[in-house]
Structure formats: C-alpha cells, structure tokens
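Okay, so here's the structure we're looking at.
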Amino acid sequence: MGGGRFEMTGPDAIYGRLAVGFMVEDRYRVGEIVGKGGSGLIYQATDVTTGQRVALKTLNSDLLSHPSAVARYHREARAAAGIGHPNICSVSDVGQLPDGRPFLVMELLTGRTLADRIRDDGAMPFPHVVNILTQTLSALEAAHAKKIVHRDIKPDNVFLTDRIRGVTAVKLLDFGIAKSLDENAELSLTRTGMVVGTPFYMAPEQARGETLDHRVDIYACGVLLFEMLTGRRPFHATNYNALMVQVLTRPPPDPRHRRPAVRSGFAAVVTRAMAKDKRERYADARAFLAALWELQSTVSEGLGPEEIDRIAQAVRR
C-alpha cells in the first residue's frame with residue numbers, strides 16, 4: 001500500500017482512524033474527517049489519478065468480525081450503483097483497507113442533513129417540504145423499480161445540498177440495509193444485534209418483523225413529511241417498547257394540532273402515507289408524488305414535475 005499510517009490509539013481506536021495523507025490502494029489520499037456514524041468514519045479524500053475530491057467511508061475496526069456488517073458495505077455499493085439516480089449519493093469504488101476493513105468511495109457532498117436542518121430550524125416552509133420530499137420520493141421510485149427497498153428512510157439519510165441555482169438538491173444516503181425483493185433470504189428484524197431500520201420511522205409491519213415490501217419506505221416518508229411540517233416526530237416515548245406500542249396501535253396525529261397553519265391537504269397525505277395497514281397507504285412512490293404535486297398549487301414556489309426534472313438533469317451534469 002501507499003504511504004501514510006493508521007492511528008490506532010486513543011478514543012478513536014475503535015474506528016481504526018486513518019491518518020491525514022494515508023494512501024488507500026495507491027489512489028486515494030485521505031484528508032480530514034467529515035462525518036462520523038455508528039458504523040464508521042467518512043473522510044474527505046483526493047483521487048490522485050483524476051484530482052477529484054471524493055468521500056471515503058470506512059467501517060469501524062470492532063465491526064470487522066461481523067460478516068453481516070462487512071456485507072452491508074458491499075450491499076450499499078451494489079444498490080447505489082444499480083439504481084443510478086441523481087437524487088441518490090453515487091458510489092464509484094469499493095475496496096479493502098490493509099487491515100481487511102471495506103471502504104466505499106462516494107461523491108463528496110457539501111451541505112447538511114435534513115436532521116440537522118430540522119434540529120437547527122424546526123418546522124420548515126411548505127414549499128421546501130414539497131421540494132425535499134418530492135426529490136426523496138423520486139429517488140425511491142427509481143430504487144423500487146429495481147426492486148430495492150431502502151428500509152431506513154430518516155432525516156439523517158436525506159442530505160440537502162444547495163447546488164442548483166439556489167434550489168436545494170436532495171441526495172438519499174445509506175443503502176446499507178437495503179434489501180432486494182429478488183433475494184430469497186427472509187427479512188429479519190435484527191441483524192448483528194441491531195434493529196433493521198430506525199424505530200421512530202418504522203412501519204408497523206417492520207416493527208413486527210414481517211416480510212417487507214416497498215411500502216415501508218412510503219410509511220417512513222410519511223413520518224418525514226410530518227416532521228418537516230411540525231419540527232417534531234409523530235410518536236414519542238421514554239423507551240423502545242412504549243414507542244413500538246404507539247407505532248403499532250395509534251393513528252398518526254394530525255400535524256395541524258402542532259402547527260395550525262398546515263393545510264388540510266398535507267394532513268390527509270400524512271394520514272394515508274402512515275396508515276397502519278400497508279394496503280391503505282399510497283400504492284407506490286409515484287402515487288405519493290402525484291398527491292404532492294396536487295398540493296403544490298396551495299404553496300407558493302412549489303415545484304412540479306417539470307421543475308424536478310430540470311433539477312435532476314442539472315445534477316446529472
């Protein structure tokens with residue numbers, strides 16, 4: 001391997017932290033850390049063959065002994081590459097570090113996650129809600145067409161980057177627990193001791209450990225819509241079991257109770273997207289999109305199909 005070194009001591013030893021300047025496969029020069037998650041670190045890096053700045057995502061050292069955690073990285077690479085949509089963060093390379101950990105090379109994004117924006121700013125202007133959710137659903141429509149279910153839609157996995165003439169462009173992240181509906185293996189609720197999905201955004205059938213389809217993503221997008229409209233999640237509890245009781249038994253609250261200015265049309269969309277019975281939700285992302293486009297006339301500066309297509313074409317370039 002190329003020059004540089006690992007930093008394996010101190011509080012970051014669990015990550016197997018890479019030193020600035022470390023060369024990965026004699027091609028990627030590691031820079032500063034730009035992100036840290038439960039499974040590893042993301043670095044800014046430079047592809048020395050092209051001079052392009054990229055993001056390099058690595059796995060925690062302590063997860064190397066978990067085959068399913070390693071498989072997650074390869075699954076993410078296959079899913080992102082297989083879908084190839086402008087609203088999905090692209091993965092250009094996958095490889096292995098000297099200690100055996102996998103790494104992914106992704107496009108380097110600048111901006112903040114939807115989770116950061118909601119935390120910092122609270123409830124969002126209605127046109128922004130329509131814009132962000134429309135692009136998210138457009139990405140999911142493409143994924144579902146390839147029979148890939150994301151299973152972990154949440155604000156942390158929706159990245160907002162202002163790059164198209166001041167209009168927020170959305171990038172959907174982390175297909176690591178995505179599942180192809182063509183795979184024969186049964187879907188289980190747990191994997192390497194972790195819940196598949198994030199409890200606040202789980203559909204009832206996901207919480208029950210049932211066989212899943214694309215409608216778990218429709219449900220999660222309903223939760224996103226509620227949270228963007230109100231600045232809060234629809235269900236709250238002091239522990240996991242109490243939260244699951246709400247997810248399984250309570251209808252979604254009306255967002256107008258928390259933000260009276262919310263249009264009735266938005267409330268109806270939330271109710272349908274978050275229906276307990278998946279058969280009562282929008283049949284697919286396209287149907288959900290159609291409902292949003294009908295709402296755009298009620299909010300100023302709303303983005304319709306033609307505007308979204310323009311953004312997608314600009315992102316491709």
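For the numbers below, each heavy atom of this structure counts, side chains included, while hydrogens, waters and symmetry mates do not.
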Whether E205 and R215 form a salt bridge (side-chain N of Lys/Arg under 4.0 Å from carboxylate O of Asp/Glu) is what I want to check. no
If you compare all heavy atoms of L56 against all heavy atoms of A45, which two are closest, and at what distance to 0.1 Å? CB-CB, 4.2 Å
Tell me, please, which residues at least two apart from F288 pass ring pair (Phe, Tyr, Trp, His ring centres under 6.0 Å). Y282
Is P199 close to F235 at the side-chain level, that is, under 4.5 Å between some pair of heavy atoms? no
Looking at R117, I'd like to know if its CZ atom is crowded, meaning that more than 12 non-hydrogen atoms belonging to other residues, nucleotides or ligands lie closer than 6.0 Å. yes
Reference residue Y43; test side chain to side chain contact (heavy atoms under 4.5 Å, CB included); the match among V24, V20, T58, L108: T58
Are the side chains of I153 and L224 in contact, using a 4.5 Å heavy-atom criterion? yes
Can you find a heavy atom in the side chain of V245 that is under 4.5 Å from one in the side chain of N241? no
Among all residues two or more places apart in sequence or in another chain, which pass the salt bridge (Lys or Arg N to Asp or Glu O under 4.0 Å) test with R119? D116
Taking the side chain as every heavy atom from C-beta outward, state whether E227 and Y201 have any atom pair closer than 4.5 Å. yes
Could you check whether any side-chain N or O of D217 sits under 3.5 Å from a backbone N or O of R151, counting only pairs where one atom can act as donor and the other as acceptor? yes
Sorted by chain and residue number, the salt bridge (Lys or Arg N to Asp or Glu O under 4.0 Å) partners of R27 (sequence neighbours excluded) come out as D47
Is it the case that the side chain of R281 and the backbone of A275 share a donor-acceptor pair, with hydrogens and angles ignored and the cut-off at 3.5 Å? yes
H144 and D284: side-chain donor and acceptor closer than 3.5 Å? no
By side-chain hydrogen bond (donor to acceptor under 3.5 Å, both in side chains), R232 pairs with (sequence neighbours left out) none
Do L248 and M202 share a hydrophobic cluster (ILVMFWY, side-chain heavy atoms under 4.5 Å, transitive)? no
So which pairs with a foot in residues 121-142 pass salt bridge (charged side-chain N to carboxylate O under 4.0 Å, His left out), sequence neighbours left out? R112-D121, E141-R286
Do L140 and H214 make a side-chain contact, defined as non-hydrogen atoms from C-beta onward lying under 4.5 Å apart? no
Using modelled atom types only, decide if a donor and an acceptor are shared between the side chain of K276 and the backbone of P251 within a distance under 3.5 Å. no
What's the separation between atom CE in M124 and atom OG1 in T230, rounded to the nearest 0.5 Å? 11.5 Å
For T168, is there any backbone N or O sitting under 3.5 Å from a side-chain donor or acceptor partner on Q135? yes
Considering only heavy atoms from C-beta outward, does the side chain of V158 approach that of L172 to under 4.5 Å? yes
Polar side-chain atom of D174 near backbone of N157 as donor-acceptor pair, under 3.5 Å: no
Hey, does F266 have a side-chain heavy atom less than 4.5 Å from the side chain of L295? yes
Just how far is it from atom CG of L114 to atom CD1 of I132, taken to the nearest 0.5 Å? 5.5 Å
Between R259 and F126, is NZ or CZ placed under 6.0 angstrom from the six-membered ring centre and within 45° of the ring axis? yes
Between the side chains of N87 and T136, is a donor N or O closer than 3.5 angstrom to an acceptor N or O? no
Less than 4.5 Å apart, any side-chain heavy atom of T113 and any of P155? no
Please name all residues satisfying side chain to side chain contact (heavy atoms under 4.5 Å, CB included) with R256, sequence neighbours left out, ordered by chain then number. D254, V262, S264, A267
